[in-house]
Number of protein chains: 2
Amino acid sequence: MEGQKTTVRSIADLARMAGVSVSTVSRALTGKGTLNQSTRDRIRALADQYDFKLNVAAQNLRLGRTGAIAVLLPLGHERGQHLSDPFFSAMLGYLADMLADRGYDLLLSRVLPSGEDWLENFVRSGRTDGVIVIGQSDQGAVLNRTAAGYRPMVVWGAFDATNAYTSVGTDNAAGGVLAAQHLLSRGRRHLVWFGNPEAPEFAARQAGFLSALPDEVRRNTSIVPIPLTPDPAFEAASAYFAAGNRPDGAFAASDIVAMNVAAAAAEHGISVPRDLSLIGFDDILLARIATPPLTTVRQDIEAGARALVDLLMRRIAGEETQSVQFPPTLVERESA
Amino acid sequence: MEGQKTTVRSIADLARMAGVSVSTVSRALTGKGTLNQSTRDRIRALADQYDFKLNVAAQNLRLGRTGAIAVLLPLGHERGQHLSDPFFSAMLGYLADMLADRGYDLLLSRVLPSGEDWLENFVRSGRTDGVIVIGQSDQGAVLNRTAAGYRPMVVWGAFDATNAYTSVGTDNAAGGVLAAQHLLSRGRRHLVWFGNPEAPEFAARQAGFLSALPDEVRRNTSIVPIPLTPDPAFEAASAYFAAGNRPDGAFAASDIVAMNVAAAAAEHGISVPRDLSLIGFDDILLARIATPPLTTVRQDIEAGARALVDLLMRRIAGEETQSVQFPPTLVERESA
DNA sequence: CTGTTAGCGCGTTCAT
DNA sequence: ATGAACGCGCTAACAG
């Protein structure tokens, strides 16, 4: 029967019990400074025995940091939008793990960009030691302005040499080229691009796609705007087919857009891939179990997350950093 | 030209500039205590002008709280497992919003349950003011033990009167009954249940399903274990059909499982819903754009998230709370 | 209505 | 190798 009536609330308690000073306990538990090995062991054993953990809030206050990294999801308009895309949740999962490995908490914040300085307000509030912004949305100007005065920030999104901030992302244009080449190699000539070109990532995918098309094909290629929100997305795709359009090849801005297109096509008796070759973008987990399994341009989410965290840590440490871009790959399944 | 050379770092700075004491500034900014209205306005204006925000870490240290709520996702085995299910990301999105509304940060933590006291260790570390556990997984015993000594905890999962903790969840058994009735009404008699019965939520769905079947049908109903991880899930479903099994009605433990089943069926030339009526569970956003659109048992995720947060707040305030259970509804689409 | 003061729990000089 | 003392930024008595 271990008598554990005493509850240890602070290093002062522990110091009293161990018959040493608070600073000795601090040194023992943090591992900093020099200390007699046996003293250190003894104090650590005592801490274990009483299940004592250093108070992170006090530690952070003293060290002038917060111990947290914010992951910001700027939502164009509607709530739930981004997180509803499996791509973002996968990214979030990796970030959570990798930040935890570095000893940081992940603060999840979904922000409705309001006005021009929501980001500046956030970073100035000092609630976190750094910020990872997922997706530029239509907030390029805001990001550039904030980056001018705030170092510990990295952004997931399209590369642009003129950006003032460090970004990590897939070479979206190259992905568009892959999609175009594949559709052409399948003999498709009457093409269509589905997506929302207002997001820079999507715009680059579209530009790459168009650039790889022969002139006569490109002239015949239509651009169909698809909103990012679930219901309107399906309706937009459906309306396109309802209007009698019958392309034979389609490139969608994301796998989710592609699945909306596939569902709308099925509704109009159009068979994928027989009547319509369909290519997505992302290679989310679901792409493989979609019906039919989706041919798609793959982004390496894990590598992206790792780069985001690495670069952020280096910026926090005061280093300069370069934006990086990963090459996408084509994953051939059955939809195209 | 506003000269904003001065940078305000603490209420002491602001107090000096305003010619008042720190406590007056504190009262002005927190809104607590009594204060002359004009003094309050003047200080607030000054704070705005210099973009000053109270230091949350210091505030929390002083108040003996952390200002954060942890959302824990116990992962059976594999990393990425839970977050890969859109059901969980939807839940997470709602929780993030609702906790933010209450002034709490959301600390995301994916934990690999190790040993028997990972939860106790976490709550004792004092890193958060409360814990929301998403899914009981196989950790019922751990939850019960922790609940005995830790109040601010709520759990998303199956209701069980013998649990020591407060849970919020869907009436899974009732959902199973809905699925059974629908399959029977479609004239299906050769049934199968797909899922992982080790999770209590899934077990309840299965039990409800079986309970609503006439004896002669139930005798013919098989249970096919489907792992929670993506690739093995598809392989398990595929192996089932490869073995020559040809049921005419199926109830899947979740929409994601259902989509795996649909993909595996398609691979074996089985048409949904012609040859096989398929019902899922959850009604994730993707259910509507699956091919064919998924008939499914709907859980109200938003209501669930709201209840989790409400109950947690009340437990933090010291109130006693009752577990709640939401009735599911059947959403009829095309797969069954 | 406002100011003074004493900590919240910790890390870190500066002594010894 | 260890201890004493100070302060990170804030809130809450307690005075006045």
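First the proteins, then the strands, lettered A, B, ... as listed; each starts at 1.
- Remark: side-chain polar atoms of B:Gln136 are not paired, donor with acceptor, to backbone N or O of B:Val155 under 3.5 angstrom.
- Atom-to-atom distance recorded for B:Ile132:CD1 and B:Leu99:CG is 5.0 Å, nearest 0.5 angstrom.
- Between the side chain of B:Asn144 and the backbone N or O of B:Asn163, no donor-acceptor pair lies under 3.5 Å.
- Under the side-chain contact (heavy atoms from CB on, under 4.5 Å) criterion, B:Arg145 pairs with B:Glu116, B:Glu120, B:Val142, sequence neighbours left out.
- On the nucleic acid side, DNA chain D contacts chain A at distances under 4.0 Å to non-hydrogen atoms, with the end points of that region at D:dA1 to D:dG9.
- Between A:Glu320 and A:Arg151, at least one side-chain N (NZ, or NE/NH1/NH2) sits under 4.0 Å from a carboxylate O, which counts as a salt bridge.
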- Once base and sugar-phosphate atoms are separated, protein heavy atoms under 4.0 Å mark nucleotides 4-13 of chain C, 5' to 3', with B, S and - as B-BBBBBBB-
- Message: Evaluate B:Thr30 against B:Gln59 for side chain to side chain contact (heavy atoms under 4.5 Å, CB included), listing each step before the verdict.
- Response: CA-CA 10 Å; B:Thr30 57; B:Gln59 199 170 27; 4.1 Å; yes
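- Screening residues 19-44 of chain B for salt bridge (Lys or Arg N to Asp or Glu O under 4.0 Å), with sequence neighbours left out, gives no hits.
- Taken to the nearest 0.5 Å, the CG atom of A:Leu311 stands 5.5 Å off from the OG1 atom of A:Thr321.
- Between atom CH2 of residue B:Trp156 and atom CG of residue B:Leu95 there is a gap of 9.5 Å, rounded to the nearest 0.5 Å.
- Rounded to 10°, the helix from C:dC1-D:dG16 to C:dT16-D:dA1 has 40° between the axis fitted to its first five pairs and the one fitted to its last five.
- Within residues 40-48 of chain A, no residue has any heavy atom closer than 4.0 Å to DNA chain D.
- A donor-acceptor contact closer than 3.5 angstrom links the side chains of A:Asp129 and A:Thr66.
- A 6.0 Å sphere centred on CD of A:Gln322 holds no more than 12 heavy atoms belonging to other residues, nucleotides or ligands.
- In the displayed structure, B:Arg306 atom CZ is contacted under 6.0 Å by at most 12 heavy atoms of other residues, nucleotides or ligands.
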